[in-house]
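Chain letters run A, B, ... following the sequence lines, proteins first and then strands; every chain starts at 1.
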There are 2 protein chains.
Amino acid sequence: MLAYCGVVGEDVFKALADPTRRRILDELVERDGQTLFEICTRLVTKHNLGLSRQAISQHLAVLESAGLIRTRRQGRYKFHDLETEPLERIVTRWLRPDTPEENS
Amino acid sequence: MLAYCGVVGEDVFKALADPTRRRILDELVERDGQTLFEICTRLVTKHNLGLSRQAISQHLAVLESAGLIRTRRQGRYKFHDLETEPLERIVTRWLRPDTPEENS
DNA sequence: ACAATAGGCAAGCATCCACTTGCCTATCAA
DNA sequence: TTGATAGGCAAGTGGATGCTTGCCTATTGT
């Protein structure tokens, strides 16, 4: 459960800085729990993004280390689930500055 | 007033990707309408950020082109005002995906 | 066992980005 | 007018970053 009390890794902002990673989040909002290959094919077909499998894999790694997605293995499949908790924090930093800010 | 209907420039995310620029936003939340030199000195004294004036100036340019700050000249002074409107959009993209998304 | 599928690791590369340095313009005070 | 203050422009540089390529491991089906 990992209560994540307080600090938001600055990785969250860097993770969101890339348009492809934002597309991936869009994709997971629309359909959660996809595998790497599913995300690959959907990015190619729907958004005409001609990216290699490794490119997407690296993006997913960035998103995971930023806490924006969570993964679970199942046999040879690895499913990716969206994690919206870090998103709720990052903007309250400037919109509701009354709350104690321990961000970086 | 510039109703900004629809699209959020992807610059907003890139603008937020840098920790120094986030510090600047913090600084403007705390005290709006500062000049370049004020921001410089406060970043140095309060956060021990040893950055040149040009560095801050360039950061301010990025924030402005992202729509996160607005500037007004007055004599030889240039005041920087926070603009929170783009911030409200970026997170609703994934938190409230019901709204029509025209983001990039 | 063997091939196919799903994914991982690591080196290499080209581009981008933050920062510096040096010099220039504009406004104000004496 | 002269000097000081506030800010701008542009070239250069080192490090980060996104992407590719090549090869490797693990699981599944026949």
Side-chain angles (χ1 to χ4, degrees), chain A residues 9-28 31-45 47-66 68-81 104, chain B residues 9-28 31-45 47-66 68-81 104:
Chain A
E10 58 180 71
D11 324 295
V12 180
F13 298 96
K14 286 183 183 169
L16 293 176
D18 186 85
T20 303
R21 285 196 285 269
R22 296 197 293 272
R23 288 281 181 216
I24 292 176
L25 292 184
D26 292 338
E27 205 44 63
L28 290 178
R31 186 169 183 275
D32 207 14
Q34 296 190 59
T35 74
L36 171 59
F37 273 83
E38 286 176 309
I39 296 171
C40 275
T41 54
R42 297 188 81 167
L43 284 183
V44 171
T45 59
H47 303 287
N48 284 336
L49 290 185
L51 288 177
S52 72
R53 180 179 55 88
Q54 272 71 10
I56 309 293
S57 177
Q58 287 163 4
H59 282 307
L60 288 173
V62 173
L63 288 171
E64 183 174 16
S65 81
L68 286 168
I69 62 176
R70 198 173 290 175
T71 61
R72 51 190 160 93
R73 289 213 77 129
Q74 206 167 335
R76 58 177 158 178
Y77 299 102
K78 187 180 185 184
F79 300 103
H80 302 265
D81 300 301
S104 61
Chain B
E10 58 179 68
D11 323 294
V12 181
F13 298 96
K14 285 183 185 170
L16 292 177
D18 186 85
T20 302
R21 286 196 284 271
R22 296 196 293 271
R23 288 280 180 216
I24 292 176
L25 293 184
D26 292 338
E27 204 45 62
L28 290 178
R31 186 171 183 275
D32 207 14
Q34 296 189 58
T35 74
L36 171 59
F37 273 83
E38 287 175 308
I39 297 172
C40 275
T41 54
R42 298 187 80 170
L43 283 183
V44 171
T45 60
H47 302 288
N48 285 334
L49 290 185
L51 288 177
S52 73
R53 179 180 55 88
Q54 272 73 9
I56 309 293
S57 177
Q58 286 165 3
H59 282 307
L60 288 172
V62 173
L63 288 171
E64 184 173 16
S65 83
L68 286 168
I69 62 177
R70 198 172 291 174
T71 60
R72 51 191 160 92
R73 289 212 79 128
Q74 205 167 335
R76 59 176 158 176
Y77 299 102
K78 188 180 185 185
F79 301 103
H80 302 264
D81 300 301
S104 61

Colleague: Any chance you could measure B:I69, atom CD1, to B:I24, atom CD1, to the nearest 0.5 Å?
Modeller: 7.5 Å
Colleague: How would you summarise protein contacts on nucleotides 3-15 of chain C per nucleotide, using B for base, S for sugar-phosphate only and - for none, with heavy-atom distances below 4.0 Å?
Modeller: -BBSBBB------
Colleague: How would you list, by chain and number, every residue that makes a side-chain contact (heavy atoms from CB on, under 4.5 Å) with B:T71, sequence neighbours excluded?
Modeller: B:E64, B:K78, B:H80
Colleague: Between C:dC17 atom C1' and B:D18 atom CG, what is the distance in whole Å?
Modeller: 9 Å
Colleague: Return the value, rounded to whole Å, for the distance between atom CZ of B:R23 and atom C1' of C:dC19.
Modeller: 18 Å
Colleague: Taking CG from A:D11 and C1' from D:dT17, how many angstroms apart are they, rounded to a whole number?
Modeller: 14 Å
Colleague: Which residue lies toward the 5' end of DNA chain C, B:V62 or B:G75, if each is placed at its nearest nucleotide?
Modeller: B:V62
Colleague: Distance check needed: D:dT17 P versus A:L16 CG, whole Å only.
Modeller: 14 Å
Colleague: Please report the distance, rounded to the nearest Å, between CZ in B:F13 and P in D:dG18.
Modeller: 15 Å
Colleague: Sequence neighbours excluded, which residues qualify as salt bridge (Lys or Arg N to Asp or Glu O under 4.0 Å) partners of A:R72?
Modeller: A:D81
Colleague: For B:R53, give me all partners under salt bridge (Lys or Arg N to Asp or Glu O under 4.0 Å), at least two apart in sequence or on another chain.
Modeller: none
Colleague: Taking atom P of D:dA6 as reference, at what distance in whole Å does atom CD1 of B:I56 sit?
Modeller: 16 Å
Colleague: Per the salt bridge (Lys or Arg N to Asp or Glu O under 4.0 Å) rule, what does the pair list look like for residues 34-45 of chain B, sequence neighbours excluded?
Modeller: B:E27-B:R42, B:E30-B:R42, B:R31-B:E38
Colleague: Report, one line per pair, each donor and acceptor closer than 3.5 Å where one atom sits in a side chain of residues 54-61 of chain B; sequence neighbours left out.
Modeller:
residue : atom : partner : partner atom : Å
B:H59   : ND1  : B:R21   : NH1          : 3.0

Colleague: Rounded to the nearest angstrom, tell me the gap between atom CG in B:L63 and atom P in C:dA18.
Modeller: 10 Å
